[in-house]
Amino acid sequence: QVQLEDSGGGLVQAGGSLRLSCAASGRTFSMYAMGWFRQVPGKEREFVAVINWSGDHTYYADSVKGRFTISRDNAKNTMYLQMNSLKPEDTAVYYCAQGSRNYYATGSKDYGMDYWGKGTLVTVSE
């Protein structure tokens, strides 16, 4: 079974930066697409970014495009989300996710993700 461990959340001032990490175990990391999603209480889970198996293709939500960067280090079984120019609207629990194919599915709500981490809280103050 896939195990995903999110980390790196915290309290940041508006305009600041934060880097989230997701360590994966349980199966070959480099074979699968991965992504980041976020959620606030009472609202549906929101797509943030996805990355294919080799890291040469990525896709971002319009709300974070140009500010966030998703990346992966397959040798370390770890995925990252570098968040810059943070806004209060970015406040949420961020979840890492892993799919069961080598590429993300742009036509589905979860972009082909099948496994989810526990989440890490990001709070951006005004």
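Because the structure is predicted, anything quoted here is derived from the model rather than measured.
Proximity of a side-chain donor or acceptor of Thr78 to a complementary backbone N or O of Lys76 within less than 3.5 Å is detected. Judged by distance alone, with hydrogens and angles left aside, the side-chain atoms of Asn74 form a donor-acceptor pair with the main-chain N or O of Trp53 at under 3.5 Å. Asp6 contributes a side-chain N or O that, together with a main-chain N or O of Lys118, makes up a donor-acceptor pair within less than 3.5 Å. The backbone N or O of Gly112 sits nowhere less than 3.5 Å from a side-chain atom of Asp110 that would complete a donor-acceptor pair.
Residues Met31 and Arg101 have side chains not in contact (no heavy-atom distance under 4.5 Å, counting atoms from C-beta outward). Under the 4.5 Å side-chain criterion, counting only non-hydrogen atoms from C-beta, Thr120 is in contact with Leu20. Using a 4.5 Å heavy-atom cutoff, the side chains of Met34 and Leu4 are in contact. A 4.5 Å side-chain heavy-atom check between Trp36 and Tyr95 finds every atom pair outside the cut-off. In this structure, the side chains of Gln98 and Asp114 stay at 4.5 Å or more apart for every pair of heavy atoms. Contact annotation: the side chain of Asn52 approaches that of Tyr104 to within less than 4.5 Å [non-hydrogen atoms, C-beta and beyond]. The shortest distance between side-chain heavy atoms of Ser100 and Tyr115 falls below 4.5 Å. Using a 4.5 Å heavy-atom cutoff, the side chains of Leu81 and Val48 are in contact.
Counting only N and O atoms by type, the side chains of Ser17 and Asn84 include a donor and acceptor under 3.5 Å apart. Judged by distance alone, the side chains of Ser54 and Asp56 do bring a donor and an acceptor atom under 3.5 Å apart.
Here the closest heavy-atom approach between residue Cys96 and residue Met79 is recorded as CB-CE, 3.6 Å. What you find for Met83 and Leu86 is that their closest heavy atoms are CB-CD2, 3.8 Å. Counting all heavy atoms, side chain and backbone alike, Glu44 lies closest to Gln39 at C-NE2, 3.9 Å. Between Val50 and Met113 the shortest heavy-atom distance is CG1-CE, 4.4 Å. The two atoms that bring Ala92 and Arg38 nearest to each other are CB-CB, 3.8 Å, heavy atoms only. Nearest heavy atom pair, residue Val124 against residue Thr91, reads N-OG1, 2.9 Å.
Contact check on Asp62 versus Lys65 returns a salt bridge, with a Lys/Arg side-chain nitrogen under 4.0 Å from an Asp/Glu carboxylate oxygen.
Remark: Arg72 fails to qualify as a cation-pi partner of Tyr80 under the 6.0 Å distance and 45° angle criteria applied to the six-membered ring.
Val93 and Val122 sit in two unconnected hydrophobic clusters of ILVMFWY residues. Membership requires side-chain heavy atoms under 4.5 Å apart, directly or through other members. Linking ILVMFWY residues whenever their side-chain heavy atoms come closer than 4.5 Å, directly or via other members, leaves Tyr94 and Tyr59 in distinct clusters.
The environment of CD in Glu5 is sparse: at most 12 heavy-atom neighbours from other residues, nucleotides or ligands sit within 6.0 Å.
In this structure, Trp116 has its ring center closer than 6.0 angstrom to the ring center of Phe37.
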Practice problem: Go through Val40 and Glu46 one step at a time and tell me if the side-chain contact (heavy atoms from CB on, under 4.5 Å) criterion holds. | Solution: CA-CA 9 Å; Val40 299; Glu46 177 188 17; over 6 Å; no
